[in-house]
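Here's the structure we're looking at; comments come further down.
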Amino acid sequence: MSVNCLSPSMGRWSQLRDHGTSHFCIVDADRNAVSMTTTVNYPFGAGILSPSTGIVLNNEMGDFSIPSEISPDKLPPAPANFIKSYKRPLSSMTPVIVTKDNQLAGVIGGSGGMNIIPAVTQVFLNHFILGMEPLAAVQNPRVYHKLIPNMVLYENWTVIDGDHIELTDERKLFLEERGHQLEAKAGGAIVQFVVQNLQNPIKIGRKIGKDIK
């Protein structure tokens, strides 16, 4: 018989749930910027551990389409993405560095598979076009559409800090009136966003439907 116990004096740990893809945005004092997405592509990548480095090798080859197989994301094989010499497979990685008039304006990127592209795009539009504050631009509930199936997925979930994120009823009605089928999604892409104060302020987007003065 074995007994597992944890006394109050012993060390404790809390591991965040990791789904394999990570992104980080960095801006230094000289406005040098990095937007980097990294992944092993699905659990344990290629299932191969380098004996010299101990690093799990990625499985980016899995992003190619194979004529006889449906992808892990349940998409039909696309001829443009078939394996061929000197080709790169399709990827949803969307690291972005935004500049305006030769000034750094922001750095964006995310993790979350095929949800990365629509999530990063929505955060970009929220801030640079609609004029939302950076935090609000990231926290604003998002929608996702993979084309197949023909369904709009909307965020309805509680994040790790306890906040609940859900698309408003007004926006749901807006989409339904245009013929979209909606389905709640308990999760979504995670987006990182760094906004740089511009040395020479410029006009960016609009706020609450009005131009920023």
Side-chain angles (χ1 to χ4, degrees), residues 16-28 30-100 102-129 134 137-138 142-155 185 187-196:
L16 300 179
R17 287 173 292 181
D18 184 357
H19 297 284
T21 302
S22 298
H23 180 88
F24 59 81
C25 299
I26 297 174
V27 178
D28 69 8
D30 296 318
R31 290 179 167 82
N32 296 307
V34 175
S35 180
M36 179 176 176
T37 310
T38 178
T39 184
V40 296
N41 210 28
Y42 305 115
F44 297 106
I48 298 173
L49 182 74
S50 168
S52 59
T53 65
I55 295 173
V56 175
L57 302 184
N58 71 44
N59 186 29
E60 291 305 303
M61 287 294 291
D63 281 345
F64 278 114
S65 293
I66 299 175
S68 59
E69 293 184 10
I70 301 294
S71 77
D73 293 308
K74 302 188 180 346
L75 293 179
N81 194 39
F82 288 168
I83 299 173
K84 186 178 180 180
S85 300
Y86 304 108
K87 283 182 64 175
R88 292 183 180 181
L90 293 178
S91 174
S92 297
M93 293 184 183
T94 315
V96 177
I97 295 177
V98 184
T99 62
K100 179 70 173 180
N102 294 321
Q103 299 180 77
L104 178 66
V107 185
I108 317 175
S111 55
M114 292 184 65
N115 296 321
I116 297 174
I117 296 173
V120 169
T121 300
Q122 287 171 79
V123 171
F124 175 92
L125 294 174
N126 287 343
H127 177 70
F128 291 106
I129 304 302
V138 173
R142 298 186 277 266
V143 296
Y144 306 92
H145 201 314
K146 295 182 180 179
L147 297 182
I148 301 173
N150 188 14
M151 180 79 66
V152 173
L153 304 177
Y154 65 88
E155 290 185 337
K185 178 178 178 62
I190 305 301
V191 177
Q192 286 73 46
F193 186 25
V194 175
V195 175
Q196 178 66 44

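These values consider heavy atoms only, across backbone and side chains, with no hydrogens, waters or symmetry-generated copies.
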Listed by chain and number, what are the side chain to side chain contact (heavy atoms under 4.5 Å, CB included) partners of Val194, not counting sequence neighbours? Cys25, Val27, Val107
When every non-hydrogen atom of Pro118 is compared with those of Met114, the smallest separation belongs to CD-O, 3.5 Å
Where the side chain of Thr38 meets the backbone of Ser22, is there a donor-acceptor pair that is under 3.5 Å apart? no
So Thr21 and Thr37, side chain to side chain contact (heavy atoms under 4.5 Å, CB included) or not? Walk me through it. CA-CA 7 Å; Thr21 302; Thr37 310; 3.7 Å; yes
Given side chains that start at C-beta, do those of Gln122 and Val191 come closer than 4.5 Å, heavy atoms only? no
For atom CZ of Phe82, is the number of surrounding heavy atoms from other residues, nucleotides or ligands below 6.0 Å larger than 12? yes
Could you report the tightest heavy-atom contact between Gly110 and Ile116, atom names first, then the distance? O-CD1, 3.6 Å
Look up atom CZ in Arg31 and atom CD in Gln103, then write down how far apart they are to the nearest 0.5 Å. 7.5 Å
Find the distance between CG (Asn126) and OG1 (Thr121) and round it off to the nearest 0.5 Å. 10.5 Å
Gln192: side chain to side chain donor-acceptor pair (under 3.5 Å) partners, not counting sequence neighbours: none
With a 3.5 Å cut-off and sequence neighbours excluded, list the donor-acceptor pairs that the side chains of residues 88-99 form with protein atoms.
{"unit_1": "Ser91", "atom_1": "OG", "unit_2": "Met93", "atom_2": "N", "d": "3.1"}
{"unit_1": "Thr94", "atom_1": "OG1", "unit_2": "Ser92", "atom_2": "O", "d": "2.8"}

Passes side chain to side chain contact (heavy atoms under 4.5 Å, CB included), Arg142 versus Val123? Steps please. CA-CA 9 Å; Arg142 298 186 277 266; Val123 171; 3.6 Å; yes
What residues, two or more places apart in sequence or in another chain, satisfy side chain to side chain contact (heavy atoms under 4.5 Å, CB included) together with Ala189? Asn115, Ala119, Tyr144
With sequence neighbours excluded, tell me which residues meet side chain to side chain donor-acceptor pair (under 3.5 Å) with Ser65. Asn81
So, for Asn58 and Glu60, which heavy atoms are closest and what is the spacing to 0.1 Å? OD1-N, 3.2 Å
So which heavy atom on Val120 is nearest to which on Gly109, and how close? CG2-C, 3.8 Å
Could you tell me whether the side chain of Val138 reaches within less than 4.5 Å of the side chain of His127, counting heavy atoms only? no
Not counting sequence neighbours, which residues clear ring-ring contact (aromatic ring centres under 6.0 Å, His included) with Phe124? List them please. Phe128
Shortest non-hydrogen separation from Pro77 to Pro67 and the atoms involved: CG-O, 3.5 Å
Check side chain to side chain donor-acceptor pair (under 3.5 Å) between Asn102 and all other residues, then give those that pass, not counting sequence neighbours. none
Donor-acceptor pair, distance only, cut-off 3.5 Å: does the side chain of Lys185 make one with the backbone of Val143? no
I would like to know whether Met61 and Ile83 meet side chain to side chain contact (heavy atoms under 4.5 Å, CB included); could you show each step before the answer? CA-CA 8 Å; Met61 287 294 291; Ile83 299 173; 4.3 Å; yes
With Thr53, which residues qualify under side chain to side chain donor-acceptor pair (under 3.5 Å), at least two apart? Ser50
With sequence neighbours left out, the residues meeting side chain to side chain contact (heavy atoms under 4.5 Å, CB included) with Asp30 are Asp28, Asn32
Looking only at heavy atoms, which two atoms of Ala137 and Phe193 are closest? And how far apart? CB-CE2, 4.4 Å
Leu49: side chain to side chain contact (heavy atoms under 4.5 Å, CB included) partners, not counting sequence neighbours: Val56
